[in-house]
Amino acid sequence: QVQLVESGGGLVQTGGSLRLSCATSAIILRRYTMGWFRQAPGKQRDLVASLTSVSSGGETNYATSVKGRFTLSRDNAKNTVYLQMNNLEPEDTAVYYCNAKGDTLFTKGSEYWGQGTQVTVSS
């Protein structure tokens with residue numbers, strides 16, 4: 001059973017920082033693109049950042065709104081991906097979801113979601 005265990009959300013003031021963590025298994029990191037999505041009330045769930053699997057080269061991609069402020073990284077020893085969020089703005093307030101999407105021949109078509117963690121940025 002695939003598990004994506006998120007942590008690190010909370011309340012922070014404008015300009016502050018938070019680090020989100022998504023713990024999973026080694027095989028997931030090897031064969032799945034890891035991503036963070038966010039969903040604000042009344043809005044659709046949007047991609048924030050993604051990192052392709054170890055097998056696929058580990059390329060990162062960021063939404064325009066977070067480029068230069070957010071950094072997605074992976075710790076293979078801890079089987080965890082991190083989303084470092086700096087210079088946070090009220091517009092970043094949302095529930096953040098960890099996502100794993102198969103990106104190899106054997107895993108394409110499979111996708112998993114974490115339970116979500118709330119990030120609130122006060123002005």
Side-chain angles (χ1 to χ4, degrees):
Q1 184 176 356
V2 174
Q3 281 194 313
L4 302 176
V5 181
E6 300 150 343
S7 61
L11 172 65
V12 66
Q13 291 185 331
T14 297
S17 298
L18 283 174
R19 189 178 76 162
L20 305 183
S21 301
C22 177
T24 184
S25 65
I27 195 167
I28 293 297
L29 296 186
R30 279 202 299 273
R31 299 182 178 181
Y32 287 73
T33 288
M34 299 301 297
W36 284 96
F37 287 72
R38 66 186 181 188
Q39 187 168 22
K43 296 189 176 181
Q44 66 181 23
R45 191 175 295 188
D46 291 326
L47 177 67
V48 175
S50 63
L51 173 64
T52 60
S53 67
V54 174
S55 300
S56 297
E59 295 182 6
T60 54
N61 179 53
Y62 296 95
T64 301
S65 60
V66 307
K67 272 184 185 175
R69 299 188 298 123
F70 291 12
T71 303
L72 182 58
S73 61
R74 176 174 54 217
D75 185 332
N76 293 329
K78 295 183 179 180
N79 297 328
T80 300
V81 293
Y82 300 100
L83 183 67
Q84 178 66 44
M85 306 185 294
N86 297 329
N87 195 19
L88 283 160
E89 304 166 352
E91 293 73 23
D92 296 316
T93 296
V95 178
Y96 284 69
Y97 296 90
C98 183
N99 171 270
K101 190 170 185 178
D103 65 8
T104 70
L105 178 64
F106 301 103
T107 59
K108 260 194 190 320
S110 58
E111 187 171 19
Y112 305 96
W113 291 93
Q115 79 280 6
T117 185
Q118 177 70 46
V119 171
T120 303
V121 185
S122 64
S123 56

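Along the sequence shown, the residues carry numbers beginning at 1.
Closest heavy-atom contact between S50 and L72: C-CD2, 3.3 Å. Considering every non-hydrogen atom in both A94 and A40, the closest pair reads CB-N, 3.8 Å. S17 approaches N87 most closely through the heavy-atom pair OG-N, 4.2 Å. Across every non-hydrogen atom of V48 and V66, the tightest pair is O-CG2, 3.6 Å.
The distance from the CG atom of N61 to the OG1 atom of T52 is 9.5 Å, given to the nearest 0.5 Å. If you take OG1 on T24 and CG on L4, they are separated by 5.0 Å, rounding to the nearest 0.5 Å. Separating the CG atom in D103 from the CE atom in M34 is a distance of 10.5 Å, to the nearest 0.5 Å. In this structure, CZ on F106 lies 10.5 Å from OG on S55, to the nearest 0.5 angstrom. In this structure, CZ in R69 is found 12.5 Å from OH in Y62, a value given to the nearest 0.5 Å.
The aromatic rings of Y112 and Y32 lie tilted to each other, with the angle between the two planes from 30° to 60°.
Looking at heavy atoms from C-beta onward, R45 lies out of side-chain contact with V95 at the 4.5 angstrom threshold. L51 is not listed as a side-chain neighbour of T33, based on a closest heavy-atom distance of 4.5 Å or more. Contact annotation: the side chain of V121 never approaches that of Q13 to less than 4.5 Å [non-hydrogen atoms, C-beta and beyond]. Within the 4.5 Å cutoff, no side-chain heavy atoms of I28 are placed close to those of R30.
For F70 and W36, the gap between ring centers reaches or exceeds 6.0 Å.
The same ILVMFWY cluster, assembled from side-chain heavy atoms under 4.5 Å apart, contains both I27 and V2. The hydrophobic clustering, which links ILVMFWY residues whose side-chain heavy atoms are closer than 4.5 Å, places L11 and L20 apart. Neither L29 nor F37 shares a network with the other; the hydrophobic side chains, linked directly or stepwise wherever heavy atoms of I, L, V, M, F, W or Y lie under 4.5 Å apart, form separate groups for each.
Between the side chains of T107 and S110, not a single donor N or O lies within less than 3.5 Å of an accepting N or O. If you check the side chains of E91 and T93, you find no donor sitting under 3.5 Å from an acceptor. Under 3.5 Å, the side chains of Q39 and D46 contain no donor-acceptor pair of N or O atoms.
Sparse packing is recorded around CD of Q3, with 12 or fewer heavy atoms of other residues, nucleotides or ligands lying under 6.0 Å away.
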Practice task
Report the C-alpha distance between S53 and S56 in whole Å, list the side-chain angles of each, state the deciding distance to 0.1 Å, and finish with yes or no for side-chain hydrogen bond (donor to acceptor under 3.5 Å, both in side chains).
Solution key: CA-CA 5 Å; S53 67; S56 297; 3.2 Å; yes

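The main-chain N or O of S21 is never found under 3.5 Å from a side-chain atom of E6 such that the two would form a donor-acceptor pair.
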Under 3.5 Å, which donor-acceptor pairs link side chains of residues 76-85 to any protein atom two or more places apart or in another chain?
| residue | atom | partner | partner atom | Å |
| --- | --- | --- | --- | --- |
| N76 | OD1 | R74 | NE | 3.3 |
| T80 | OG1 | K78 | O | 2.8 |
| Q84 | NE2 | N86 | OD1 | 2.9 |

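Remark: R38 pairs with D92 by the salt bridge (Lys or Arg N to Asp or Glu O under 4.0 Å) rule, at least two apart or across chains.
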